[in-house]
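Chain letters run A, B, ... following the sequence lines, proteins first, then strands; residues in each count from 1.
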2 protein chains.
Amino acid sequence: MSSSKVLRSKSVVRESYHHGDLQAALLEAAVNLVRANGPDHLSLRAVAEQVGVSPSAVYHYFPDKDSLISELGDQLFIQMAVMQREALGNIPGNSARAARLRYRELGRTYFRWANSEPNLFRLMFGGFCKIEKGGTHESEEAFLMLSKCLDELLSTGVITPTMRRYGELISWSAVQGASTLIIEGILPEAAFEELLDGLELAMRGGAK
Amino acid sequence: MSSSKVLRSKSVVRESYHHGDLQAALLEAAVNLVRANGPDHLSLRAVAEQVGVSPSAVYHYFPDKDSLISELGDQLFIQMAVMQREALGNIPGNSARAARLRYRELGRTYFRWANSEPNLFRLMFGGFCKIEKGGTHESEEAFLMLSKCLDELLSTGVITPTMRRYGELISWSAVQGASTLIIEGILPEAAFEELLDGLELAMRGGAK
DNA sequence: CGGGTATCTGAATAGTGTTCAGATTATGGG
DNA sequence: CCCATAATCTGAACACTATTCAGATACCCG
């Protein structure tokens with residue numbers, strides 16, 4: 001559908017065009033408004049106005065408002081994967097200790113994202129972006145990073161082979177769920193580090 | 001604030017009143033519309049119309065649309081706790097086996113609710129109902145049922161004392177997260193039973 | 001340079017949340 | 001029993017929303 005999908009900081013290409021790269025500009029305006037007002041309460045007209053364009057111009061790039069939001073969600077998944085990759089890059093080494101640090105940091109990055117931008121997190125997981133059930137999703141990359149991290153935990157003897165089987169499922173679900181429960185105010189913020197402790201113990205499979 | 005908070009099937013009291021118990025009627029109409037169209041896309045006017053009342057009548061019971069949605073969310077949490085209690089009632093006994101069945105059924109009921117009514121689930125956990133962070137929440141009752149179930153698992157020797165400490169946090173987070181990831185189409189539906197398997201293994205703390 | 005086309009605008013339609021003055025109805029006190 | 005009072009609901013209005021479409025605009029290529 002669209003050629004350039006990654007959010008750019010400003011509109012760079014073709015300064016004196018009709019508007020420049022409008023698709024990106026619209027998405028950037030939209031992400032700011034969602035960040036401030038929540039995924040519901042997003043107004044197409046406000047998006048258009050902030051870009052300095054007529055409301056109807058939006059319909060040249062998105063069939064309707066929901067599609068804009070959905071596309072925005074896809075970009076947020078990509079952005080999240082980038083953050084995960086950066087977080088992993090800060091923790092080098094092949095030791096068991098390094099693998100454990102990476103595991104925790106993956107979860108922490110996930111939660112930090114949710115907690116610092118709850119409205120964007122809600123956009124991603126609140127049914128706003130329609131995800132086709134068969135195809136491959138943008139979240140695939142984050143999933144693969146987690147898988148690799150779990151492989152390291154297994155090969156360094158931190159986790160048991162049995163628990164390795166359930167590693168992605170339990171880790172991702174728990175981190176996702178805790179993030180939701182915390183940003184919605186049901187669990188306190190301190191619960192997340194506690195969850196990571198428990199999760200590590202559980203995955204090690206030796207807690208008496 | 002409101003005296004009668006529980007959803008009743010139809011308007012029962014005072015048939016020939018102004019309208020009968022309108023607050024309840026509005027909430028019931030709203031829950032049906034949210035179920036069908038999602039928490040975003042809920043129209044106040046549609047709610048009023050389905051009840052057969054003027055749009056402005058709503059403002060005698062709720063200060064604005066968001067408050068109606070928030071109140072609806074509270075009721076859904078209560079309704080969910082009722083389902084959990086019913087599920088537990090179907091599994092009597094003090095054996096370790098019974099406790100394990102109850103544990104699984106608590107999770108299953110949670111997920112079944114999410115999966116059968118994704119839009120209501122999104123309403124509950126999508127930032128629509130404002131939850132005051134200090135006070136006690138409607139989810140407290142479900143939390144206590146889980147705690148009691150974990151106590152039973154501990155006393156019957158199914159789980160370790162160490163993992164008991166993290167029981168509520170890990171279980172609730174994992175079930176919540178898996179429910180979200182599945183209904184949003186990121187994980188397949190079959191993943192939930194697998195999660196329960198892994199969760200039980202992890203909580204037992206003996207998986208090599 | 002001029003025709004064609006992608007891009008954007010203006011106006012219009014139908015629907016939204018919200019407010020408020022007033023009409024309607026039930027209820028409690030004489 | 002009836003009337004004043006208060007609770008309840010309506011109608012119309014306002015500002016705002018998504019969406020459509022005929023037309024104006026500005027770019028690009030031959």
Could you tell me the separation between the [atom1] atom of [X] and the [atom2] atom of [N], rounded to a whole number of Å?
X	N	atom1	atom2	answer
B:D66	C:dT16	CG	P	16 Å
A:D21	C:dA6	CG	P	17 Å
A:I69	D:dT19	CD1	P	10 Å
B:L68	C:dT18	CG	P	10 Å
A:K65	D:dT19	NZ	P	8 Å
B:E49	C:dA14	CD	P	16 Å

Check your understanding: C:dT18, C:dC8, D:dT10: which one has an atom nearest the side-chain heavy atoms of B:V53?
Key ->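 Of the options given, the side chain of B:V53 lies nearest D:dT10.
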Practice item. Could you tell me whether B:D197 and B:R104 have a side-chain N and a carboxylate O separated by less than 4.0 Å? Key: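 So B:D197 pairs with B:R104 through a salt bridge.
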Could you write out each protein N or O paired with an N or O of nucleotides 20-23 of chain D at a distance under 3.5 Å?
none

Review point. What is the distance from atom CG of B:L101 to atom CG of B:L88, rounded to the nearest 0.5 Å?
Key: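 Spacing of CG (B:L101) from CG (B:L88) equals 11.5 Å.
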Review point. Is there a residue in residues 33-45 of chain B whose heavy atoms reach under 4.0 Å of DNA chain C, and which residues are they?
Key: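 Residues of residues 33-45 of chain B under 4.0 Å from DNA chain C: B:L42, B:S43, B:L44, B:R45.
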Review point. Looking at A:I131 and B:G185, what are the two nearest heavy atoms and their distance?
Key: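 Answer, listing the atom of A:I131 first, then B:G185: CG2-O, 4.2 Å.
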Check your understanding: In a check of side chain to side chain donor-acceptor pair (under 3.5 Å) between A:E105 and each of A:Q84, A:R112, A:R100, which one passes?
Key ->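 The passing option is A:R112.
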Check your understanding: Just wondering, are more than 12 heavy atoms of other shown residues or ligands nearer than 6.0 Å to CD in A:E193?
Key ->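 Enclosed: over 12 neighbouring heavy atoms sit under 6.0 Å from CD of A:E193.
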Check your understanding: Which comes earlier along DNA chain D counting from the 5' end, the contact point of B:A57 or that of A:D64, where each point is its nearest nucleotide?
Key ->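 The residue mapped nearer the 5' terminus is B:A57.
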Practice item. Please check if the side chain of A:S173 supplies one atom and the backbone of A:L169 the other of a donor-acceptor pair under 3.5 Å. Key: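 Side chain of A:S173 to backbone of A:L169, a donor-acceptor pair under 3.5 Å: yes, one is there.
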Practice item. Report which part of the nucleic acid B:F62 touches: base, sugar-phosphate, or nothing (heavy-atom distance under 4.0 Å, all strands). Key: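 B:F62: no heavy atom of the nucleic acid under 4.0 Å.
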